[in-house]
Amino acid sequence: MIDIVDTTEHTSTTPRGSGRRPPTDTVSDVNGRHAARAARIGLLSVSLGTAGLGGAWQAAATTFPPALQVSDALSTVSGLIWLVLLAQYLRHGGARWRNLRHDLRHPGQGFTLGYVPIIGMLSAGHFSRFGITGPRWAYAVFVTVAALIAARLLAHWLTGALSATLLHPGYLLPVSSAPFVASAVASTLRLPGVADATFAVGLLYWLAFGSVILGSLVTNAPLPGPARPALTVLTIPPATGGIAWTAAHKGVFDAVSYGFAGILLFTVLLVAFLLPELRQPAFHPGLWIFSFPIAASTNFVIRWIHASALPGGPAITRILLAGATIALGLLAAATLHHRARRARPS
């Protein structure tokens with residue numbers, strides 16, 4: 001199997017001068033197999049962004065039917081990347097409970113395990129039009145895994161093991177965005193009760209943890225430079241929540257949908273003002289964290305345009321799709337260039 005992982009440096013998110021020392025097992029394993037496992041799971045943001053872009057193209061299929069074939073191709077690529085990285089994670093000890101528990105407890109990277117079931121659910125939902133029985137069983141597995149990961153992370157955090165000074169928006173992925181994705185996919189699979197239940201979970205923990213995280217960002221020291229791109233994750237809950245709500249209501253935009261749209265647009269504006277702070281001195285694969293916020297936001301706005309029958313809607317949809325696709329294409333090109341440069345002999 002080709003090893004596609006990048007051995008980027010893992011920067012600690014523990015604040016200087018906090019007096020808080022990392023757990024002993026984290027320190028002892030940072031240069032060992034944990035680093036290899038963390039790199040694989042971190043790179044799943046490539047698969048997640050690609051799946052999200054596939055969802056945006058699928059949303060545009062109501063306006064441009066050929067967009068569905070592009071969506072199928074992107075979802076297939078996402079699934080292949082997911083399979084390769086997950087197999088490499090398991091090969092490096094991820095199947096052992098001791099290692100899995102260690103990875104979940106990692107203060108800076110534990111939340112990234114939530115990528116695994118989110119991508120699985122997105123794939124199940126996308127390909128359900130070819131037959132619903134298999135995707136429903138796959139969805140049941142992935143939504144259970146997502147619930148177990150989120151509950152385990154919450155149980156660990158609620159014991160005081162995670163300092164408030166370490167919080168950043170990435171922690172919203174498993175506890176809020178994953179339930180919203182689960183709700184949207186459940187609507188696609190014609191499971192309305194599951195869609196309602198998972199939407200409620202996502203909304204509760206978005207409001208609860210979103211408030212805590214925003215408070216932490218405002219009152220504590222700035223995030224370390226490598227962690228700042230995670231601020232773009234603030235756009236994911238309103239985007240995925242809005243998608244989930246409109247999916248449950250057959251694409252109709254009502255007052256709640258417009259509420260999600262308003263929150264998303266304001267959050268995008270906030271992130272736009274933060275862009276100078278998000279700049280990195282050099283490219284690294286962690287910048288793929290930008291991809292899913294871009295794709296999910298594009299998906300929701302395209303649904304909004306279609307439901308609202310805006311003048312010039314098809315043209316705006318084309319512009320949005322082109323922009324999101326170019327953004328992910330640039331990330332892919334930068335990733336390939338980065339790997340080629342690192343592969344050159346010194």
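We're numbering straight along the sequence, starting at 1.
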TODO: Please report the shortest heavy-atom distance between Pro169 and Ala230, naming the atom on each side.
DONE: CB-O, 3.4 Å
Task: Test ring-ring contact (aromatic ring centres under 6.0 Å, His included) applied to Trp82 and Phe142, step by step - done: CA-CA 13 Å; Trp82 181 83; Phe142 290 125; 5.7 Å; yes
Task: Whether Thr198 side chain and Ala195 backbone form a donor-acceptor pair below 3.5 Å - done: yes
Open item on the list: Using only atom types and a distance under 3.5 Å, with no angle test, would you say the side chain of Ser297 pairs donor to acceptor with the backbone of Ile294?
Closed with: no
Open item on the list: Restricting to non-hydrogen atoms, name the atom on Val181 and the atom on Leu122 that form the minimum distance, rounded to 0.1 Å.
Closed with: CG1-CD2, 3.8 Å
For residues 130-140, which side-chain N or O atoms pair as donor and acceptor with protein atoms under 3.5 Å away, sequence neighbours left out?
residue : atom : partner : partner atom : Å
Arg136  : NE   : Leu189  : O            : 3.0
Arg136  : NH2  : Leu189  : O            : 2.9
Arg136  : NH2  : Arg190  : O            : 3.3
Tyr139  : OH   : Ala182  : O            : 2.8

- [ ] Would you check if the side chain of Ser177 reaches a backbone N or O of Pro174 as a donor-acceptor pair within less than 3.5 Å?
- [x] no
TODO: Starting from the C-alpha separation in whole Å, work towards a yes-or-no answer on side-chain contact (heavy atoms from CB on, under 4.5 Å) for Thr112 and Leu44.
DONE: CA-CA 8 Å; Thr112 58; Leu44 279 175; over 6 Å; no
Open item on the list: Under the rule for side-chain hydrogen bond (donor to acceptor under 3.5 Å, both in side chains), what residues qualify as partners of Arg152, not counting sequence neighbours?
Closed with: none
TODO: For the pair Ser308 (side chain) and Ile305 (backbone), establish whether a donor and an acceptor sit closer than 3.5 Å, ignoring hydrogens and angles.
DONE: no
TODO: Report yes or no: do Thr246 and Trp304 form a side-chain donor-acceptor pair below 3.5 Å?
DONE: no
Open item on the list: Can you give me the closest heavy-atom contact between Phe260 and Pro238, atom names plus distance?
Closed with: CD2-O, 3.6 Å
- [ ] Under the side chain to side chain contact (heavy atoms under 4.5 Å, CB included) rule, collect the residues that match up with Asp254, sequence neighbours excluded.
- [x] Trp245, His249, Val256, Ser257
Task: Pairs touching residues 176-188 that satisfy salt bridge (charged side-chain N to carboxylate O under 4.0 Å, His left out), sequence neighbours left out - done: none
Task: Expected output: side-chain Ser183 to main-chain Pro179 donor-acceptor under 3.5 Å - done: no
Task: Any donor-acceptor N or O pair under 3.5 Å, side chains Ser78, Ser47 - done: yes
- [ ] Output, in order, the C-alpha distance, side-chain angles, deciding distance and verdict of ring-ring contact (aromatic ring centres under 6.0 Å, His included) for Tyr258 and Phe253.
- [x] CA-CA 7 Å; Tyr258 280 104; Phe253 254 67; 5.3 Å; yes
Task: Backbone N/O of Val212 and side chain of Ser216: donor-acceptor pair under 3.5 Å - done: no
Task: Distance-minimising heavy-atom pair for Ala178 and Met121 - done: O-CE, 3.8 Å
TODO: For Phe199 and Ala244, work out which heavy atoms get closest and say how close.
DONE: CD1-CB, 4.0 Å
Task: Where Ile119 and Leu48 come nearest, the two heavy atoms and their spacing - done: CD1-N, 3.7 Å
TODO: Sequence neighbours left out, what passes salt bridge (Lys or Arg N to Asp or Glu O under 4.0 Å) with Arg228? Give chain and number order.
DONE: Glu277
Open item on the list: Are Leu80 and Phe292 connected into the same hydrophobic cluster when the rule is that any two of I, L, V, M, F, W, Y join if their side-chain heavy atoms are below 4.5 Å apart?
Closed with: no
Task: Ser187: partners by side-chain hydrogen bond (donor to acceptor under 3.5 Å, both in side chains), with sequence neighbours left out - done: none
Open item on the list: Counting neighbours of CZ on Phe266 that are heavy atoms of other residues, nucleotides or ligands and sit closer than 6.0 Å, is the number greater than 12?
Closed with: no
